[in-house]
Each structure stands twice: as C-alpha cells, then as structure tokens.
Amino acid sequence: MPGRPHYFILNEAHEPVEVTLDEWCYWRAVNDPVKKTVISINSQVTTKWGGLTDDVTMPGPPQFFHIVEGPGIRQPIVHTPTYEEALARHDRIAEWLRKRADKMKAI
C-alpha cells in the first residue's frame with residue numbers, strides 16, 4: 001500500500017477512531033463481519049468495516065463494504081460511509097436478494 005497506512009476501528013458510538021495495526025487486527029477478529037444475512041445456500045450479503053485508508057490510493061474516510069453473493073450478481077461489492085447507512089443498506093440488499101430468490105424458485 002503506497003503512502004502511510006491508517007487503521008480505524010469503530011468506537012461505541014460506531015464512529016471511526018484511528019488505531020495501531022495491532023489494535024485494528026484485534027478489533028477485526030472480534031467484530032467482523034458487522035452483519036451477515038444468508039438467504040439461501042448460494043445467496044447472502046455480508047457487511048464488513050473496511051477501516052483502512054492511506055495518503056495516496058485511499059485518501060477518503062474509511063467505509064463499510066457489502067459483499068453480495070448470488071447467481072448472476074454483476075456488482076458484488078458496494079460501499080457505504082456510515083454505520084447507520086450500512087445497516088439500512090444491508091437490510092435493503094437482503095430484502096432484494098430474498099425477492100430475487102423467490103422469483104427464481106417460481107421459475
């Protein structure tokens with residue numbers, strides 16, 4: 001990773017706080033994923049906290065990312081900036097996947 005890396009965890013108010021690499025690794029081991037919803041054997045959405053930035057290639061604030069898995073998914077990863085938005089988006093993606101899975105069962 002070019003530039004100086006920055007590592008962030010979420011505090012109790014779910015706001016990013018810069019920490020050392022060791023603290024970030026420990027936090028990730030204990031707290032990730034933030035949320036995971038399994039729809040079926042081959043469809044799920046997992047929301048994780050990225051918590052990484054650097055001065056060159058990722059200069060913006062750290063974000064949450066959603067990994068969307070299912071047949072025919074074209075954009076498997078999307079990003080969200082805040083905890084509240086990430087949870088709401090996770091639920092919307094899960095509902096979309098449920099409806100999609102129901103349609104595929106009907107075919």
Side-chain angles (χ1 to χ4, degrees):
M1 186 181 309
R4 180 177 168 265
H6 302 277
Y7 306 96
F8 295 86
I9 62 171
L10 298 174
N11 65 15
E12 290 179 9
H14 303 109
E15 299 164 338
V17 176
E18 190 163 2
V19 295
T20 67
L21 174 59
D22 288 341
E23 292 169 311
W24 179 80
C25 290
Y26 176 78
W27 188 93
R28 291 283 305 248
V30 171
N31 295 287
D32 242 7
V34 172
K35 190 170 184 179
K36 182 174 185 173
T37 303
V38 177
I39 306 302
S40 67
I41 195 163
N42 61 354
S43 294
Q44 66 182 14
V45 58
T46 305
T47 297
K48 294 182 166 224
W49 167 246
L52 290 174
T53 66
D54 72 35
D55 299 329
V56 179
T57 62
M58 298 182 295
Q63 296 194 355
F64 293 85
F65 60 98
H66 311 276
I67 304 165
V68 184
E69 300 175 62
I73 301 292
R74 299 193 192 284
Q75 185 179 358
I77 298 177
V78 292
H79 296 88
T80 306
T82 69
Y83 181 79
E84 291 80 15
E85 291 173 302
L87 293 181
R89 189 174 206 174
H90 178 100
D91 292 340
R92 287 192 307 272
I93 293 168
E95 184 59 27
W96 176 78
L97 280 173
R98 278 188 197 93
K99 289 178 182 176
R100 193 168 185 267
D102 289 344
K103 285 181 186 177
M104 294 182 98
K105 287 179 192 174
I107 294 177

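- Ile77 and Val68 fall into different hydrophobic clusters, defined by Ile, Leu, Val, Met, Phe, Trp and Tyr side-chain heavy atoms under 4.5 Å apart, directly or through other members.
- Heavy atoms only, all atoms of each residue included: Lys48 and Pro33 are closest at CG-CB, 4.1 Å.
- Here Gln44 contributes atom CD and Ile67 contributes atom CD1; the two are 8.5 Å apart, rounded to the nearest 0.5 Å.
- Residues Pro71 and Arg100 form a side-chain contact, since some pair of their non-hydrogen atoms from C-beta on lies under 4.5 Å apart.
- Between Glu95 and Arg92 no salt bridge is recorded (no basic side-chain N to carboxylate O distance below 4.0 Å).
- What you find for Leu10 and Pro16 is that their closest heavy atoms are CD2-N, 4.0 Å.
- Ile93 and Phe64 are not part of a single hydrophobic cluster, where members link through side-chain heavy atoms under 4.5 Å apart.
- In this structure, Gly70 and Ser43 approach most closely via the heavy-atom pair CA-OG, 3.8 Å.
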Apply side-chain contact (heavy atoms from CB on, under 4.5 Å) to Ile73 and Leu97, showing your working. CA-CA 10 Å; Ile73 301 292; Leu97 280 173; 4.2 Å; yes
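- Closest approach of Thr53 and Gly60 over heavy atoms only: CG2-O, 2.9 Å.
- The minimum heavy-atom distance linking Asp54 with Pro5 is given by the pair CB-CA, 4.0 Å.
- Connection of Tyr83 to Phe8 is established within a shared hydrophobic cluster, with ILVMFWY side chains joined at heavy-atom distances below 4.5 Å, either directly or through further cluster members.
- The aromatic rings of Trp49 and Trp27 sit perpendicular, their planes meeting at an angle over 60°, well past the 30° parallel limit.
- Expressed to the nearest 0.5 Å, how far CD of Gln63 lies from OG1 of Thr82 amounts to 9.5 Å.
- Note: Trp96 CH2 to Ile39 CD1 = 10.5 Å, rounded to the nearest 0.5 Å.
- Distance CD/Glu23 to CD/Glu18: 10.5 Å, rounded to 0.5 Å.
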Could you walk me through whether Asn31 and Ile9 pass side-chain contact (heavy atoms from CB on, under 4.5 Å), step by step? CA-CA 9 Å; Asn31 295 287; Ile9 62 171; over 6 Å; no
Could you please spell out the steps behind the side-chain contact (heavy atoms from CB on, under 4.5 Å) verdict for His90 and Thr80? CA-CA 10 Å; His90 178 100; Thr80 306; over 6 Å; no
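- Considering only heavy atoms from C-beta on, Leu52 comes within 4.5 Å of Trp24 through its side chain.
- Nearest heavy atoms, His79 versus Arg89: O-NH1, 2.6 Å.
- Counting only heavy atoms from C-beta outward, the side chains of Val34 and Leu87 approach each other to under 4.5 Å.
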